[in-house]
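Before any comments, here is the structure.
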Amino acid sequence: WAAAWCGHCMAQKNMFGDRAANLTMVDCTAPANQATCTAMNITRYPTWIYGDKRRLGRLTFPELASFAECQISHKPPGARPKDLG
């Protein structure tokens, strides 16, 4: 959950490099998405939702892996040291 004007959201997306195409990113500023974002109580960007858990803000790969209860098996393409935690 993101906003087109949100620098942290775009940095988070760019962190994934070409794998960002695999992410579902909902732009809450798009008129077609505003009702859904309101219903989901999205008030800050980026917002990550996994199951019934929610995290706010820009996260490193290790933080995302912990949040999603998975392990990082390799360095994601384009990852910079600061993204890895």
Side-chain angles (χ1 to χ4, degrees):
W1 304 85
W5 50 260
C6 171
H8 290 291
C9 299
M10 296 307 110
Q12 188 82 80
K13 181 180 177 182
N14 292 338
M15 188 175 88
F16 283 87
D18 60 357
R19 301 273 174 102
N22 298 322
L23 297 174
T24 301
M25 193 170 200
V26 178
D27 179 0
C28 290
T29 63
N33 298 330
Q34 289 177 349
T36 301
C37 293
T38 298
M40 292 295 293
N41 197 31
I42 306 298
T43 59
R44 291 182 50 202
Y45 311 109
T47 296
W48 294 89
I49 298 176
Y50 181 74
D52 62 350
K53 299 186 301 182
R54 181 180 293 240
R55 288 284 307 264
L56 303 174
R58 186 174 175 183
L59 304 176
T60 64
F61 283 119
E63 290 169 328
L64 284 168
S66 176
F67 171 65
E69 300 172 0
C70 68
Q71 294 185 359
I72 298 174
S73 60
H74 65 281
K75 178 183 168 190
R80 297 166 298 203
K82 70 178 185 171
D83 298 328
L84 298 173

So Met15 and Phe61, side chain to side chain contact (heavy atoms under 4.5 Å, CB included) or not? Walk me through it. CA-CA 9 Å; Met15 188 175 88; Phe61 283 119; 3.6 Å; yes
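- Ring geometry for Trp5 against Tyr45 counts as perpendicular: the plane angle is over 60°, on a 0 to 90° scale with 30° as the lower cut.
- Under a hydrophobic-cluster definition in which Ile, Leu, Val, Met, Phe, Trp and Tyr are linked whenever side-chain heavy atoms come within less than 4.5 Å, directly or via other members, Leu23 and Phe67 are assigned to the same cluster.
- More than 12 heavy atoms of other shown residues, nucleotides or ligands fall within 6.0 angstrom of atom CZ in Arg54.
- No side-chain heavy atom of Lys13 sits less than 4.5 Å from a side-chain heavy atom of Pro46.
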Dump the intermediate steps for side chain to side chain contact (heavy atoms under 4.5 Å, CB included) on Gln12 and Cys6, then the final yes or no. CA-CA 10 Å; Gln12 188 82 80; Cys6 171; over 6 Å; no
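- A 4.5 Å side-chain heavy-atom check between Leu56 and Thr43 finds every atom pair outside the cut-off.
- Counting all heavy atoms, side chain and backbone alike, Met40 lies closest to Ile49 at CE-CD1, 3.7 Å.
- The two residues Met25 and Cys9 make their nearest non-hydrogen contact at CE-O, 3.6 Å.
- No option in Asp27, Thr36, Thr24 other than Thr36 meets the side-chain contact (heavy atoms from CB on, under 4.5 Å) test with Trp1.
- Across all non-hydrogen atoms, the minimal contact from Thr29 to Ala3 is CG2-CB, 3.6 Å.
- Between Cys28 and Ile42 the shortest heavy-atom distance is SG-CG2, 3.9 Å.
- A continuous path of ILVMFWY side-chain contacts below 4.5 Å connects Tyr50 to Phe16, so both sit in one hydrophobic cluster.
- Contact record, Cys37 with Val26: SG-CG1, 4.0 Å, taken as the closest heavy-atom pair.
- Not one N or O on the side chain of Ser66 forms a donor-acceptor pair closer than 3.5 Å with the backbone of Glu63.
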